[in-house]
Amino acid sequence: MNQLAQELNKTLEGTAALELLSELGKRFYFPKGIVAQTMEAAEHAYKFVATVGEAKNKKKPVHLSVIRNFIPGLDPDEIFPYAPTPGIKEFRLLWKEHMIKKNPDLKVKKTSFPLVMPGITTGISIIADMFVDPGDVILIPDLFWGNYRLILEGKKLGTIVTFPFFESNNKLNLKAFEQAIEQNTSRGKLIILLNFPNNPTGYAPLKDEILPLTRVLEKAAGTGLKILMIIDDSYFGLFYEDTIYPQSIFTPLANIHPNILSVKLDGSTKEDFAWGFRVACLTYGGKGLSEEQYTALEQKTKGVMRSTFSNSSKLGQSLLIRALKSTIYQNEKAENIKLLKAKYEKVKAILDHAGNNSLLKPLPFNSGYFMCFELTKGSAEKLRHYLLYEKGIGTISIEDRYLRIAYANVELENIEELYEELFKAAEAVAG
Ligand SMILES: Cc1ncc(COP(=O)(O)O)c(C=O)c1O
């Protein structure tokens with residue numbers, strides 16, 4: 001094994017993090033190659049910088065005006081050069097500052113410094129490289145974003161095990177969660193992935209669900225089980241009810257038990273309505289981890305990043321630095337969330353008015369972009385097909401049993417008509 005990897009593993013000795021690492025994760029390190037030498041030269045080279053594969057003229061990056069002219073507010077240095085592998089330092093600092101503002105209880109907890117990824121998808125893939133070996137179990141509530149399967153099973157040969165998301169009273173099924181943990185302890189290691197607000201259901205846990213949920217995990221960790229918690233916070237902050245726990249579940253988990261390592265994946269994709277920018281972050285939190293141990297984890301992760309995408313969009317990060325520093329950022333975001341909340345309330349009102357539809361049963365939802373119907377009869381794929389080809393309405397069918405409606409993507413004034421069509425179609429397809 002490479003000497004640097006051995007040193008990093010030594011630093012992590014005695015932590016759950018080391019035991020949770022995959023074979024690849026154990027092997028990995030950040031080489032002292034071009035990137036590290038370039039960073040070193042940036043500090044010390046006072047005469048000429050002949051390091052990185054970029055081109056300069058008159059102290060500015062060589063560039064095409066045909067591109068630059070479309071981005072007049074930024075300096076060419078903010079647009080064209082590579083960003084560092086872990087991300088632009090100022091962006092990482094600002095992201096952490098905002099993360100603490102959004103999750104005030106994180107203030108007293110130590111976490112790593114966010115690493116910038118080209119999207120949360122990449123963050124999940126990087127974490128899977130770091131921690132998933134073939135046959136490792138990844139526990140996920142039974143309604144989840146389909147790409148998890150492609151990454152965790154398709155690429156990494158892990159085994160996704162699900163448990164029922166909701167109880168009959170429409171609350172999180174913590175009993176099933178606890179049982180599923182108990183049934184999957186044989187490797188001494190368990191990976192759990194939680195995504196709130198959830199895709200596809202649009203559910204985020206309520207304030208009174210957080211303590212029982214964290215207690216389940218604390219109890220499992222107390223038996224000696226090493227747990228990696230992957231927290232997908234893609235839709236964080238799109239909360240429409242006061243009853244919702246207003247922080248990320250990462251916050252209580254970041255410092256709960258030495259046997260639990262948590263990783264938060266969040267980003268500007270949905271939070272800042274910047275889907276195509278490909279800017280997201282990955283942050284570790286684990287009870288008792290020292291600065292040195294966080295750095296070791298970061299070095300390993302940077303090695304996986306360097307070997308996968310090398311670095312993320314400079315332009316995206318530069319634009320977001322400007323936004324995060326702007327005084328109007330919060331207000332503009334609040335306005336957008338208000339619009340999404342109005343759509344949510346419209347859907348709720350329609351469903352309340354419709355009463356109990358015997359064909360389409362809405363699953364609990366209170367946040368995010370989506371809601372889901374469970375079909376009590378017939379095929380969801382058949383319904384999707386009918387809606388698309390007979391009515392021109394696009395929806396998503398899941399496991400032939402659920403129909404996901406991305407109501408956030410539909411104009412407020414069209415939501416009523418959308419739901420009328422959905423109900424009529426369900427009747428027509430059921431015959
Ligand atoms: C739950 C969840 N995680 C991750 C993603 C992907 O995020 P990104 O576009 O930042 O890769 C999505 C996008 O639909 C999602 O729904």
Side-chain angles (χ1 to χ4, degrees), residues 87 90-117 120 123-124 127 172 192-199 202-218 227-258 260-274 279-289 291 294 297-298 301 320-321 323-325 329-334 336-337 340-341 366-368:
E90 188 179 11
F91 177 74
R92 298 172 70 202
L93 274 166
L94 282 164
W95 193 261
K96 184 151 186 181
E97 187 188 311
H98 278 256
M99 189 159 79
I100 292 171
K101 260 193 216 150
K102 292 179 278 192
N103 297 277
D105 294 345
L106 269 185
K107 207 168 183 173
V108 291
K109 296 176 186 173
K110 256 198 302 182
T111 67
S112 72
F113 214 49
L115 292 165
V116 182
M117 308 279 147
I120 288 161
I124 296 163
I127 277 302
L172 286 183
I192 301 175
L193 198 167
L194 297 177
N195 158 231
F196 302 127
N198 172 261
N199 177 3
Y203 188 80
L206 308 186
K207 287 172 191 160
D208 64 4
E209 289 175 314
I210 290 300
L211 196 58
L213 193 156
T214 53
R215 284 225 173 106
V216 167
L217 291 163
E218 210 175 352
I227 304 174
L228 175 75
M229 294 299 306
I230 305 177
I231 309 299
D232 181 341
D233 274 341
S234 291
Y235 300 86
F236 182 82
L238 300 169
F239 300 143
Y240 311 133
E241 299 283 356
D242 293 338
T243 46
I244 296 173
Y245 176 66
Q247 301 187 58
S248 163
I249 181 87
F250 174 81
T251 305
L253 293 178
N255 200 22
I256 195 171
H257 194 287
I260 299 178
L261 174 68
S262 298
V263 52
K264 183 181 199 308
L265 296 159
D266 53 16
S268 290
T269 309
K270 321 269 180 187
E271 278 198 52
D272 295 323
F273 309 94
V279 178
C281 285
L282 183 162
T283 308
Y284 292 107
K287 187 169 184 165
L289 287 178
E291 289 293 332
Y294 276 126
L297 270 178
E298 205 173 292
T301 314
L320 288 161
I321 288 171
L324 291 169
K325 290 199 319 199
Y329 168 75
Q330 294 295 3
N331 284 350
E332 284 205 347
K333 245 178 102 162
N336 283 2
I337 295 173
L340 294 189
K341 186 173 178 192
N366 55 16
S367 54

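This one's a predicted model, so the numbers in the text were calculated from it and none came from an experiment. All heavy atoms count here, side chains included; hydrogens, waters and symmetry mates do not.
Taking each heavy atom of Ile244 and Asn366 in turn, the nearest pair found is CD1-O, 3.3 Å. The shortest non-hydrogen separation linking Ser234 to Ile120 is OG-CD1, 3.2 Å. Nearest heavy atoms, Tyr245 versus Pro252: OH-CD, 3.4 Å. The heavy-atom pair separating Leu106 from Thr251 by the smallest distance is N-CG2, 3.7 Å. Residues Ile337 and Gly237 share a closest heavy-atom pair of CD1-O, 3.8 Å. For the pair Phe196 and Pro205, the tightest heavy-atom approach, listed with the atom from each and the gap, is CG-CD, 3.3 Å.
The distance from atom CG of Leu194 to atom CG of Leu172, rounded to the nearest 0.5 Å, is 9.0 Å. For the atom pair Asp242 CG and Leu206 CG, the distance stands at 11.5 Å (nearest 0.5 Å).
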TODO: Report the C-alpha separation of Thr111 and Lys96 in whole Å, then their side-chain angles, then the decisive distance to 0.1 Å, and conclude whether the side-chain hydrogen bond (donor to acceptor under 3.5 Å, both in side chains) test is met.
DONE: CA-CA 9 Å; Thr111 67; Lys96 184 151 186 181; 3.1 Å; yes

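A 4.5 Å side-chain heavy-atom check between Lys287 and Lys109 finds every atom pair outside the cut-off. Using a 4.5 Å cut-off on side-chain heavy atoms (C-beta onward), Lys333 and Asn331 make no contact. Taking the side chain as every heavy atom from C-beta outward, Lys207 and Thr243 never approach each other to under 4.5 Å. For the pair Leu265/Ile231, no side-chain contact is recorded, criterion being any heavy-atom separation below 4.5 Å from C-beta on. Looking at heavy atoms from C-beta onward, Thr283 lies in side-chain contact with Met99 at the 4.5 angstrom threshold.
Side-chain contact of Tyr240 with Lys341: a donor-acceptor pair under 3.5 Å is absent, judged by distance alone. Between Thr301 and Tyr284, the side chains place a donor N or O and an acceptor N or O closer than 3.5 Å (distance only, hydrogens not considered). Side-chain contact, Lys102 with Ser248: no donor N or O sits under 3.5 Å from an acceptor N or O. In this structure, a donor-acceptor pair under 3.5 Å is absent between the side chains of Asn195 and Tyr235.
A donor-acceptor contact shorter than 3.5 Å is absent between the side chain of Lys107 and the backbone of Ile100.
Salt-bridge formation is detected for the pair Arg92/Glu298: a Lys NZ or Arg NE/NH1/NH2 atom is positioned less than 4.0 Å from an Asp or Glu carboxylate oxygen.
Heavy-atom neighbours of Asp208 CG from other residues, nucleotides or ligands within 6.0 Å: above the threshold of 12.
Sorted by first and then second residue, the salt bridge (charged side-chain N to carboxylate O under 4.0 Å, His left out) pairs involving residues 227-236 (not counting sequence neighbours) are Asp233-Lys264.
Figure legend: cation-pi geometry between Lys325 and Trp95 absent, as NZ or CZ is not positioned both under 6.0 Å from the six-membered ring centre and within 45° of its axis.
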